[in-house]
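The next block holds one structure in the form of structure tokens; read it before the comments.
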Amino acid sequence: MTEQLFIEDVVERLQGVPGTEGIVLGGANARGNQPQSSGTTFVIYYDSQSGMAVHEIFKLATTMDDVEGKFLLTSMGEWRPWMNLGVTVSVQQSPVKFLFRDVRKLSDVIDECNQGIVNIEYQCHPHCFTNVIYLGEISLGEIIWDRSGKLAVLKERTKPYPSALKQFIIERFLWEASYSLQAAAKSVSKKDFSYTAGHCYRVISCLHQVLFALNEVYGPHEMEAADLVDSLEIAPPNYKSRVNEAFRLLNTDRKQTETALDILRSLLNETVLRI
């Protein structure tokens, strides 16, 4: 079965699940730049007031899974409050993810972001999970089924990019990137490599936030960010290759690590010049 036929089959089966309001194909899938090994992501929207027959989704997952039904399942809030439910199955040795989002929560988040209110949550992400990711999912993703048109309305409400949100993200994460870079530089002499490396990742994660805001694009999942920065109109040249070189140089050798920090410092300074 081709990927397109597979997607159509899944959508047809999900349409019959009571409470399902709509389905969005994950951003990387929708853009056509998702590696095959990364699988397919379906974002399933439901209305928390009317509820959803979650058990029907689990039954569907059982019939799809290749690995004797040993699929990954999370309960409500297990991935922290913002993540709702999640199911990951294996189909033809490729992961298929179902992420669940409440349309009412998304509507509230759009209102918050329009006011420049950003929630930053510790999550199972190397850096953080922000409420802006909700807008990234609906904005960057492809609506492949919309029961009553709610998703289309919500997607339209993400336009234009809020000026208050842009200002907050640039100020907050530019400060955090600068602070983290200073902390990384100070830690080199103490030979605490893991601490240094942690701050270096934080520098890049914060620069991603700033660069997406500068381009008035909602930031995606951290795993997709570096790939997309090179396609942004406002960004340091050869961004991804320079980031990769910096992390290649990071090790217990002080001289190479300082060279890596110089690369990150250049990326930070070039980003500041673009504001």
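Summarising the geometry, atom CD belonging to Gln182 is positioned 10.5 Å from atom NE2 belonging to His199; distances are rounded to the nearest 0.5 Å. Taking CZ of Arg248 as the reference point, atom OG1 of Thr259 lies at 10.0 Å (rounded to 0.5 Å). Of the inter-residue distances, the one linking Ile204 atom CD1 with Asn244 atom CG reads 9.5 Å to the nearest 0.5 angstrom. Within the model, atoms CG of Leu5 and CG of Asp9 stand 8.5 Å from one another, a figure rounded to the nearest 0.5 Å. Ile133 CD1 to Ser139 OG: the interatomic distance, rounded to the nearest 0.5 Å, is 13.5 Å. Once rounded to the nearest 0.5 Å, the distance linking OG1 of Thr158 with CG of Leu135 reads 6.0 Å.
With 3.5 Å as the limit, one finds a donor-acceptor pair spanning the side chains of Arg157 and Ser107.
You'll find the side chain of Arg254 reaches within 4.5 Å of the side chain of Ser189, heavy atoms only. For the pair Gln209/Thr130, a side-chain contact is recorded, criterion being any heavy-atom separation below 4.5 Å from C-beta on. A 4.5 Å side-chain heavy-atom check between Leu174 and Leu268 finds at least one atom pair inside the cut-off. Side-chain contact between Pro237 and Glu270: present, with at least one pair of heavy atoms (C-beta onward) separated by less than 4.5 Å. Residues Thr40 and Leu25 have side chains in contact (heavy-atom distance under 4.5 Å, counting atoms from C-beta outward). At least one side-chain heavy atom of Lys240 sits less than 4.5 Å from a side-chain heavy atom of Asp227. Residues Val188 and Phe193 fail the side-chain proximity criterion, which asks for heavy atoms closer than 4.5 Å. Side-chain atoms of Phe129 and Ile120, non-hydrogen and from C-beta on, never get closer than 4.5 Å to each other.
Under the 4.5 Å side-chain contact rule for hydrophobic residues, Leu181 and Tyr195 do not share a cluster. Clustering ILVMFWY residues whenever any of their side-chain heavy atoms sit less than 4.5 angstrom apart, transitively, puts Phe212 in a cluster other than the one holding Ile117. Linking ILVMFWY side-chain heavy atoms closer than 4.5 Å, directly or via other members, places Ile275 and Val217 in a single hydrophobic cluster. In terms of hydrophobic clustering, with Ile, Leu, Val, Met, Phe, Trp and Tyr side chains grouped at heavy-atom distances under 4.5 Å, Val109 and Val153 are assigned to different clusters. Hydrophobic clustering of Ile, Leu, Val, Met, Phe, Trp and Tyr side chains at less than 4.5 Å, counting indirect connections, unites Ile169 with Ile234.
Put simply, the side chain of Asn215 never gets that close to the backbone of Leu232: no donor and acceptor are under 3.5 Å apart. Remark: side-chain polar atoms of Lys150 are not paired, donor with acceptor, to backbone N or O of Tyr45 under 3.5 angstrom. Side chain of Thr196 to backbone of Asp192: a donor-acceptor contact under 3.5 angstrom is found. In this structure, Asp102 contributes its side chain and Ser48 its backbone to a donor-acceptor pair below 3.5 Å. Between the side chain of Ser231 and the main chain of Leu228, a donor-acceptor pair closer than 3.5 Å is present. Side chain of Asp146 to backbone of Gly22: no donor-acceptor contact under 3.5 angstrom is found.
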Given side chain to side chain contact (heavy atoms under 4.5 Å, CB included), test Gln15 with Trp145 step by step and report yes or no.
-> CA-CA 8 Å; Gln15 287 177 11; Trp145 180 66; 3.3 Å; yes
Between Ile7 and Ile144, is a side chain to side chain contact (heavy atoms under 4.5 Å, CB included) present by the stated rule, with each step listed?
-> CA-CA 9 Å; Ile7 291 172; Ile144 50 181; 4.0 Å; yes
Any chance you could lay out the side chain to side chain contact (heavy atoms under 4.5 Å, CB included) test for Asn119 and Glu112, step after step, and finish with the verdict?
-> CA-CA 9 Å; Asn119 294 296; Glu112 290 174 350; 3.2 Å; yes
Given side chain to side chain contact (heavy atoms under 4.5 Å, CB included), test Ser148 with Glu21 step by step and report yes or no.
-> CA-CA 7 Å; Ser148 59; Glu21 290 291 338; 3.7 Å; yes
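The two atoms that bring Ala197 and Leu250 nearest to each other are CA-CD1, 4.4 Å, heavy atoms only. Contact detail for Pro162 and Cys113: the closest heavy-atom pair is CB-O, 3.6 Å. Residue Lys155 comes nearest to Ile143 through the heavy atom pair CD-CD1, 4.0 Å, listed as atom of the first residue, atom of the second, then distance. Residues Ala225 and His208 approach most closely at CB-ND1, 3.4 Å, considering heavy atoms. The minimum heavy-atom distance linking Ala246 with Ala260 is given by the pair O-CB, 3.2 Å. Between Leu151 and Ile23, the shortest heavy-atom contact is CD1-N, 3.8 Å.
The residues Asp262 and Arg265 are annotated as salt-bridged, a charged nitrogen and a carboxylate oxygen being separated by less than 4.0 angstrom. Salt bridge absent: Arg242 and Glu245 never bring a charged side-chain N and a carboxylate O closer than 4.0 Å. Using a cut-off of 4.0 Å between Lys/Arg side-chain N and Asp/Glu carboxylate O, Arg13 and Glu8 are scored as not salt-bridged.
Listed by chain and residue number, Asn251, Lys255, Gln256 satisfy the side-chain contact (heavy atoms from CB on, under 4.5 Å) test with Asp253 (two or more places apart in sequence, or in another chain). A search for ring pair (Phe, Tyr, Trp, His ring centres under 6.0 Å) contacts involving Tyr179 returns Trp175, not counting sequence neighbours.
Between Tyr161 and Tyr218, a ring centre-to-centre spacing shorter than 6.0 Å is recorded.
Pairs engaging residues 242-275 under the ring pair (Phe, Tyr, Trp, His ring centres under 6.0 Å) rule: none recorded [sequence neighbours left out].
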